[in-house]
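Remember, it's a predicted structure, so these values are computed and weren't measured experimentally. A, B, ... follow the sequence lines: proteins, then strands. Residue 1 opens every chain.
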There are 2 protein chains.
Amino acid sequence: MHTIYLVDDEVNLNRVLVKYLEQEGWQVKSFTSGEAAASAIIEKPDLWILDIMLPDVDGFQLIKRIKAHDETTPVIFISARDEDIDKIIGLEMGSDDYIAKPFLPRELVIRVKKILARTYVTPKTGVIRYGDYTIYPEKRIIEENGQEIDLTSKEYDLLILFATQIGTPMSREQILISVWGDDYFGSDRVVDDLVRRVRKKLSKLELETIYGIGYRLVAA
Amino acid sequence: MHTIYLVDDEVNLNRVLVKYLEQEGWQVKSFTSGEAAASAIIEKPDLWILDIMLPDVDGFQLIKRIKAHDETTPVIFISARDEDIDKIIGLEMGSDDYIAKPFLPRELVIRVKKILARTYVTPKTGVIRYGDYTIYPEKRIIEENGQEIDLTSKEYDLLILFATQIGTPMSREQILISVWGDDYFGSDRVVDDLVRRVRKKLSKLELETIYGIGYRLVAA
DNA sequence: TGATTCTCCCATAATTTTGCGGAAATCCTT
DNA sequence: AAGGATTTCCGCAAAATTATGGGAGAATCA
C-alpha cells in the first residue's frame, strides 16, 4: 500500500482530496502548512502532492527539500496561478506532474495512479527490501543483513513472484504458471514443496498459507 | 440494466436526452424539478445527471442529499454558467464529472458510459469501506481500524457478495450459487451457518435477516 | 562418470474448514 | 397470546486442504 502526503492550506479541498485518495486504498496524510510538511519529509512517503501557494514555506522550497532528501520521490504540483504553472513547466523543478486549479478530484487520482505505476511497476530495476532481507531481482540474489543466501532457480522465481506482489494471495494455479510456465502438467502439490523449501531457507519470510486459496507474502 | 435519473427543467432538452440515454438500453427517469427528484433519491438509481439551475432545489443541494444517502452514487453535472462550472470543479461537490451547455447528447452518453464502466467494472480494484472496516477485495483482506481480521475463504466470499451489493436482499438460493457454486446440493441451512460465523467475526457488520427472504447488508 | 543437488511425487499426519442434527430463540400471523 | 414457521445457536463429526518425511528420478557440475 502506498503512502501519499498532501500539502494544501485550503482545508475544504484538502479534506475532499484526502477522501478521494483514501478511496483508492492509499494511506494519506495531509498538511495545511509547509512547515508541518517539511518536518515529515523524513517519513519518506511514496508520493507528495504540493500546493505551491502556502502561507509559510512554499511548494518550490518544499520540493527542493524533498528531492534533496530522496531524489526519486515523485511530486505532483497543484496550483491556481498561471505564472506558477509556467514556472513549473519552464524550470526544472523536478516535479513529476502538475495540475491546475480548478480540477476534478478524480483527475488528480488518475495522475497519481500514473505516477505510482511508473515508479513502482518496475521493481525489477531496484532492490526490494523485506525486513532483514534485501533482494536484487536482476542479480537473482537475496541477502540477509549482507549475508547472501543460496536459492535454487525455482526458489528464486517464487521469491520474486511474492516479493513483487506483497500482500496479494496467489493461487497454486497462478504460481504454477508463473514459476513452471503454462505448459506444466504435473500436480499442484509441487507448489507446496517449493513453498516449504523457501520457508526453510528464508525463515523470516512470512509466507502465509490461505486455506482453500493459496499462499500470500505478508507485509513485513 | 442501469437506471439513470435525469434532472433538468428545460423540457425539450430533457426529452431529447432521455431518448438518447434510453437508446443505450438504460432505464431512464426524468424530473423537471429538484423537489420531485429529491423524493426519488431513495430509489437509488445507478447514476444521476443534474442540471444546476433548477427552479426550486438546485443541483448543489441535490448532490448533497444524494451523496448523503449513498456516498458512492455517481453524479454528472450539466450547466451553462461558467461560475457554476468553477464551483463544481473546485469545491468539494463530489461530482464525478460535469459537462457544459451546450453539448451534444452523444457527448453525455459517452461520459455516462465511462462512469458506469468505472463504477461497475472495477469494483475489484478499489477498496470498500464499511464503517470501521476496510475491505481489499483483491487481497482478500478485511481490516478493522487497521487491524486485520481472519476470515475463511467462504466467509470472505460471503462478505464480498454483500459488500458489493450493499442494501440488496439476497436469497439463500443466490447466496448458495454465489458462494458454493450452482453444483451444490446440500441444505440451505449452511447459509445460515456461514452468516452466523461472519456476524461473529465482524460484529459491526449489519447483516440483517429478512424473514422468509434471506439476508441483507444494511448500509453503514 | 560419479557425486551432488534439485525436483517431483507419494503416503501419512496434522490442521482447518465445513456440514449437519437438534434444541433454543425469534419472528410472524391469527 | 398461542402456534407454526423460520432462524439462530451449539458442538461434534466429516470432509477438505495442507504440511511433512522420505525416496526415486532428473539435472548439474566437476
Side-chain angles (χ1 to χ4, degrees), chain A residues 139-142 148-162 168-218, chain B residues 139-142 148-162 168-218:
Chain A
K139 294 187 179 169
R140 298 181 69 80
I141 284 176
I142 176 170
E148 190 175 337
I149 301 172
D150 260 8
L151 294 186
T152 69
S153 82
K154 283 204 166 38
E155 286 162 4
Y156 201 84
D157 289 344
L158 188 80
L159 171 66
I160 294 297
L161 175 62
F162 279 110
T168 306
M170 312 289 292
S171 69
R172 287 185 173 66
E173 176 78 11
Q174 287 176 285
I175 297 171
L176 274 182
I177 291 173
S178 175
V179 176
W180 278 263
D182 54 14
D183 54 348
Y184 177 79
F185 293 102
S187 151
D188 264 19
R189 302 280 119 207
V190 297
V191 173
D192 302 38
D193 237 314
L194 188 57
V195 168
R196 166 168 46 149
R197 273 148 47 201
V198 171
R199 278 176 175 161
K200 199 168 187 177
K201 287 192 180 174
L202 308 175
S203 56
K204 291 178 188 165
L205 210 69
E206 278 195 73
L207 266 180
E208 180 182 82
T209 108
I210 306 175
Y211 199 93
I213 301 293
Y215 298 92
R216 149 171 67 196
L217 178 57
V218 180
Chain B
K139 291 193 191 297
R140 300 182 69 82
I141 284 176
I142 176 169
E148 189 175 337
I149 300 172
D150 260 8
L151 294 186
T152 69
S153 86
K154 283 207 167 33
E155 286 163 4
Y156 200 85
D157 290 345
L158 187 80
L159 171 66
I160 293 296
L161 175 63
F162 279 109
T168 309
M170 312 288 292
S171 71
R172 278 162 229 281
E173 177 77 11
Q174 286 176 286
I175 297 171
L176 273 181
I177 291 174
S178 175
V179 176
W180 277 263
D182 54 13
D183 54 348
Y184 177 79
F185 294 103
S187 150
D188 266 20
R189 211 72 66 70
V190 296
V191 173
D192 303 42
D193 241 317
L194 188 58
V195 168
R196 176 177 70 90
R197 285 174 175 136
V198 171
R199 278 175 176 160
K200 200 168 186 178
K201 287 191 181 175
L202 309 176
S203 56
K204 292 178 188 164
L205 210 70
E206 278 195 71
L207 266 180
E208 181 182 82
T209 107
I210 308 175
Y211 196 90
I213 302 292
Y215 299 91
R216 153 172 63 193
L217 179 56
V218 181

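To the nearest angstrom, C1' of C/dT17 lies 13 Å from CG of B/L151. The distance between atom NZ of A/K200 and atom C1' of D/dG22, rounded to the nearest whole Å, is 12 Å. In this structure, the CG atom of B/D188 is 12 Å from the P atom of C/dG19, given to the nearest Å. Counting to the nearest Å, the C1' atom of D/dT17 and the CD1 atom of A/I213 are 12 Å from each other. One atom, CD1 of A/I175, and another, C1' of C/dC8, lie 16 Å apart when rounded to the nearest Å. Note: CG (B/D157) to C1' (C/dT18) measures 13 Å, nearest angstrom. Rounding to whole angstrom units, NZ of residue B/K154 and P of C/dT16 are separated by 17 Å. If you take CG of A/L207 and C1' of D/dT20, they are 16 Å apart, rounded to a whole angstrom.
At the heavy-atom level, A/I210 lies under 4.0 Å from the strands shown only through sugar-phosphate atoms.
Counting only heavy atoms from C-beta on, B/T209 has its side chain closest to D/dT7 among C/dG19, D/dT7, D/dA19.
At a threshold of 4.0 Å, the pair A/R197-A/E155 counts as salt-bridged, since one of the basic side-chain nitrogens sits closer than that to a carboxylate oxygen. By the 4.0 Å N-to-carboxylate-O rule, B/R196 lies close enough to B/D193 to be salt-bridged with it. Salt bridge absent: A/K201 and A/D150 never bring a charged side-chain N and a carboxylate O closer than 4.0 Å.
Between A/R172 and D/dT17 there is no side-chain polar atom (N or O) within less than 4.0 angstrom of OP1 or OP2. Between D/dT7 and B/R196, no contact under 4.0 Å exists linking OP1 or OP2 to a side-chain N or O. In this model, the phosphate group of D/dC9 is not approached by any side-chain N or O of B/R197 to a distance below 4.0 Å at OP1 or OP2. For the pair B/Y211 and D/dT8, the criterion of a side-chain N or O lying under 4.0 Å from OP1 or OP2 is not met. Contact annotation: B/Y215 side-chain N/O to D/dT8 OP1/OP2 distance is under 4.0 Å. For C/dT18, one of the phosphate oxygens OP1 or OP2 lies less than 4.0 angstrom from a side-chain nitrogen or oxygen of B/T152. Between B/W180 and C/dG19, a side-chain N or O to OP1/OP2 separation shorter than 4.0 Å is present.
Checked by distance alone, A/R189 brings no side-chain donor or acceptor within 3.5 Å of a matching partner on the base of D/dG21. Side chain B/D193 to base D/dC9: no donor-acceptor pair is found below 3.5 Å. Judged by distance alone, with hydrogens and angles left aside, B/D192 brings no side-chain donor or acceptor close enough to the base of D/dC9 to form a pair under 3.5 Å.
Here CZ of B/R216 is found 10.0 Å from OG1 of B/T209. Values are rounded to the nearest 0.5 Å. Taken to the nearest 0.5 Å, the CD1 atom of B/I175 stands 8.5 Å off from the CG atom of B/L194.
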